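Worksheet: one structure, shown below.
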Amino acid sequence: MSIDYAKAIEEKGIRPSVQRTAIFGYISENKTHPTVDNVYTALSPSYPTLSRTTVYNTLKLFAEKNLVQVLKIEDDELRYDSVTKPHIHFKCRRCGRIFDAFDDERIGAFNRECSRLLKSGFKIESIQTSIWGTCSDCSNS
C-alpha cells in the first residue's frame with residue numbers, strides 16, 4: 001500500500017513542502033522511532049538545505065497536529081512515531097531497539113481504567129505506556 005505523504009500532511013492542515021513530505025515519509029517508513037538527529041542524518045545528503053532546526057520544528061508541528069507522536073522513552077532524547085493510535089512501546093535495554101505492541105481492546109480497557117483512577121474533573125489528553133526489558137532476539141543470544 002502506497003501512502004501519499006503530502007496528502008496526509010495536508011489533511012492535518014499543514015502545507016506539504018518537499019522537506020516536510022520527506023521528513024514525514026522517513027518517520028513513516030522507518031519504524032525505529034527515529035530521533036531528530038536520525039532524520040537529519042538520513043535526509044541531509046538528499047536535501048542539502050535541510051537543517052536540524054527544520055527537522056525539529058517540522059516534527060514539533062507534526063506532533064501538535066497529531067500526525068506523529070513524541071516518544072520519551074529515554075532521558076536524553078525524544079523519538080518520533082507516525083503511528084498515533086494507542087499502543088505500547090517496549091525498549092530493549094541490550095540492543096536499544098524499540099518495538100510496538102498493539103491490542104486495541106486491552107489497551108482501550110487499560111486507558112479507561114487509568115482515567116477512572118483520577119478524581120472528577122481531570123481530562124486525559126493522552127496516555128503513553130513504555131516498557132523496558134530484553135527483546136526476544138537478545139534473550140535468545
Side-chain angles (χ1 to χ4, degrees), residues 1-119 121-141:
M1 178 171 100
S2 176
I3 297 172
D4 185 341
Y5 300 120
K7 184 177 179 183
I9 292 167
E10 195 169 34
E11 286 173 352
K12 293 291 187 174
I14 303 169
R15 188 177 55 78
S17 69
V18 171
Q19 291 181 340
R20 287 176 176 169
T21 302
I23 291 167
F24 184 60
Y26 185 82
I27 295 290
S28 297
E29 293 170 15
N30 291 278
K31 302 300 182 189
T32 58
H33 305 82
T35 64
V36 167
D37 281 338
N38 296 146
V39 175
Y40 172 76
T41 300
L43 295 179
S44 62
S46 299
Y47 301 90
T49 60
L50 185 68
S51 68
R52 279 185 175 82
T53 301
T54 298
V55 173
Y56 173 79
N57 289 335
T58 298
L59 290 171
K60 182 178 177 194
L61 174 63
F62 287 175
E64 289 169 1
K65 297 290 189 170
N66 199 35
L67 190 61
V68 301
Q69 69 169 301
V70 180
L71 177 61
K72 187 163 179 17
I73 198 164
E74 296 145 329
D75 289 335
D76 58 342
E77 61 189 356
L78 300 176
R79 292 179 169 270
Y80 298 86
D81 189 352
S82 66
V83 179
T84 57
K85 76 179 216 166
H87 62 283
I88 293 171
H89 292 100
F90 177 94
K91 178 161 186 191
C92 179
R93 291 193 188 269
R94 279 199 190 158
C95 67
R97 291 184 295 168
I98 299 171
F99 301 86
D100 291 330
F102 297 94
D103 186 327
D104 293 342
E105 187 177 317
R106 289 181 182 172
I107 292 173
F110 174 78
N111 289 351
R112 285 187 297 279
E113 189 59 32
C114 287
S115 64
R116 284 188 201 108
L117 295 172
L118 297 171
K119 293 179 182 177
F122 283 79
K123 293 182 182 174
I124 295 175
E125 294 175 6
S126 68
I127 296 174
Q128 205 174 76
T129 305
S130 299
I131 302 170
W132 294 264
T134 307
C135 72
S136 59
D137 290 343
C138 291
S139 293
N140 293 328
S141 62

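These numbers come from a predicted model, not from an experiment.
- Under the 3.5 Å distance criterion, the side-chain polar atoms of N30 are left unmatched by any main-chain donor or acceptor of T32.
- Heavy atoms only, all atoms of each residue included: H33 and R79 are closest at O-NH1, 2.7 Å.
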Name each donor-acceptor pair under 3.5 Å that joins a side chain in residues 9-20 to protein atoms two or more places apart or in another chain, with its distance.
residue : atom : partner : partner atom : Å
S17     : OG   : R20     : N            : 3.1
Q19     : NE2  : T49     : OG1          : 3.1
R20     : NH1  : R15     : O            : 2.8

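- No side-chain donor-acceptor contact under 3.5 Å links T54 to the backbone of L50.
- The closest side-chain heavy-atom distance from S130 to L71 is below 4.5 Å.
- A salt bridge is absent between K7 and D4; no separation between the charged side-chain nitrogens and carboxylate oxygens falls under 4.0 Å.
- The distance from atom CZ of F62 to atom CD of Q69, rounded to the nearest 0.5 Å, is 15.0 Å.
- Within the 4.5 Å cutoff, no side-chain heavy atoms of L59 are placed close to those of L78.
- S115 places a side-chain N or O within 3.5 Å of a backbone atom of R112 that can act as its donor or acceptor partner.
- Going from atom OG1 of T58 over to atom CG of L67 covers 11.0 Å, rounded to the nearest 0.5 Å.
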Exercise for the section: Quick one: do I23 and Y5 satisfy side-chain contact (heavy atoms from CB on, under 4.5 Å)? Show the steps, please. Expected result: CA-CA 9 Å; I23 291 167; Y5 300 120; over 6 Å; no
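- A42 and P45 make their closest contact through O-CD, 3.6 Å (heavy atoms, listed as atom of the first residue, atom of the second, distance).
- Ring-plane geometry between F90 and F99 is classed as tilted, the angle between the planes lying from 30 to 60 degrees on a 0 to 90 degree scale.
- Separating the CH2 atom in W132 from the CD1 atom in I98 is a distance of 10.0 Å, to the nearest 0.5 Å.
- Under a 3.5 Å cut-off, the side chain of Q128 and the backbone N or O of H89 do not form any donor-acceptor pair.
- Within 6.0 Å of CZ on F110 lie no more than 12 heavy atoms contributed by other residues, nucleotides or ligands.
- For the atom pair SG (C138) and CZ (R97), the distance works out to 6.0 Å, reported to the nearest 0.5 Å.
- Remark: R94 does not engage D137 in a salt bridge, criterion side-chain N to carboxylate O under 4.0 Å.
- Considering only heavy atoms from C-beta on, V55 stays 4.5 Å or farther from L43 through its side chain.
- Put simply, CG on D81 and NE2 on H87 are 4.0 Å apart, with the number rounded to the nearest 0.5 Å.
- The shortest non-hydrogen separation linking P86 to N111 is CB-ND2, 4.0 Å.
- The OG1 atom of T53 lies 12.0 Å from the NZ atom of K60; values are rounded to the nearest 0.5 Å.
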Problem - Derivation and outcome, side-chain contact (heavy atoms from CB on, under 4.5 Å), residues I107 and K85 - result: CA-CA 10 Å; I107 292 173; K85 76 179 216 166; over 6 Å; no
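- Residues E125 and K123 are not paired through a salt bridge, judged by the lack of any N-O separation under 4.0 Å between the basic side chain and the carboxylate.
- For the pair V39/Y80, no side-chain contact is recorded, criterion being any heavy-atom separation below 4.5 Å from C-beta on.
- Shown here for I124 and I127, the closest heavy-atom pair between the two residues is CG2-CG1, 3.6 Å.
- Atom CD of E113 is surrounded by more than 12 heavy atoms from other residues, nucleotides or ligands within 6.0 Å.
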